[in-house]
Amino acid sequence: MKRIGMLTSGGDCQGLNSTLRGVAKALYEEYGKEIEIYGFRDGYRGLIEGDVRLMSPRDFSGILTVGGTILGTSRQPFKNMRDKDENGVDKVTKMIATYNKMELDCLVILGGNGTTKTANLLREEGLNVISLPKTIDNDLWGTEVTFGYQTAMDIATDVIDKIHSTATSHSRVFLVEIMGHGAGWLTLTAGLAGGADIILIPEIPYDLNSVCKKLEERRKHGHSFTIVAVAEGAISVEEAAMSKKEFKASRAAMTDPSISFKLARELGEMCGQEIRVVNPGHFQRGGGPDAYDRILTTRLGTGAARLIKHKQYGNMVAIRNNQIVAVPLSEVAGKLKTVPVDHDLIQAARDIGISFGDEKPEKKEKKDKKKDKDKKTDKEKKD
Ligand code: F6P
């Protein structure tokens, strides 16, 4: 008899249930009655407290399109894993005890960066672990895509699409805040897909003057509105120059509810245009997975089942060159996959005139003047 534990941890996203379904269905197909699957409630909390239930094949039926997670989730920060309770026992020790008591063969863990770090810690402690890359942020190292990302991109794009009409009617500037603290994948791709005019991501610190200049330029060229896609984690050039400590203090002292509101206030004062902020927030994580994520999660989930069959523990199931592969957790844990500033997506955006708020205004003016001069010379030649 094989005994497998499963849990979903950290912020939820679309595709958690379809992943669980992929793993479970493939295991039931392979082992029939010779397998028991246990679901831990609310992520690592369930493993720590032994809050678990035996699942049945019926639990995994009809959940392909369902949002959230049937197991529940919670945030259990990695940094607190070694904290001891009143009896001097830490969370890692408790998790190992539950695993051993239940005589599990493997633990399947669905989660993002923090979750994966803890999964790797459990692997180091000798547990058989397989993880699956979940997050709308797409910032897990080792996989080209994480599940949830594509669906969230659809949602964020839809927000930008819909904002266009009201922005045009009122000739306003709209800042649409998109999730992603450490990496700008979601903002970049939703911004591109939604036709944003300015995209601000953590990887490219913005200069307020440059953003303002772009707004003014659009006005000058007859565009009454501007859409700015702002990542939750967007930072200014001044903030980028700060030490970690200074940055933390400056953000703690910030009175605006988020970076977009701060930007809206500053740009309003600087450029005098009418600005509104839209924050779709957790809406981006809501609902069921789109077709792409349903397929991706079925592939990743069945990939995890194959790893269990072959006892290839200690890996994260990933996708590379459109192939499902196993990447050692030791390589993945603790690494953030940010957007390379020379990424093809950034180049494509720049090529069509999207600003990242980093272009020096003087440079742009010089470029425009040169263009005008070239045009004149061409005309003179023709004449
Ligand atoms: O899942 C990742 C993420 O969506 C980030 O982009 C965002 O900053 C964070 O979760 C929000 O988390 P919470 O649900 O704890 O507010």
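Indexing begins at 1, ligand by ligand and atom by atom, following the structure's order.
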- Message: List the protein residues in contact with ligand 1, where contact means a heavy-atom separation under 4.0 angstrom.
- Response: R75, I136, D137, M179, G180, H181, E232, H282, R285
- Message: Going by disulfide bond (SG atoms under 2.5 Å apart), name the pairs with one or both residues in residues 53-106, residues two or more places apart or in two chains.
- Response: none
- Of all pairs that satisfy salt bridge (Lys or Arg N to Asp or Glu O under 4.0 Å), the ones with a partner from residues 43-52, not counting sequence neighbours: R41-D51, D42-R45, R45-E49, R45-D51
- Query: Are any of the side-chain nitrogens in D139 or K337 under 4.0 Å away from the carboxylate oxygens of its partner?
  - Reply: no
- Message: Give me each pair satisfying disulfide bond (SG atoms under 2.5 Å apart) with a member in residues 176-279, each pair once, sequence neighbours excluded.
- Response: C212-C271
- Which of T65, T297, T298 passes side chain to side chain donor-acceptor pair (under 3.5 Å) with S18? It is T297
- Task: Could you tell me whether H164 and F174 have their ring centroids closer than 6.0 angstrom?
- Result: no
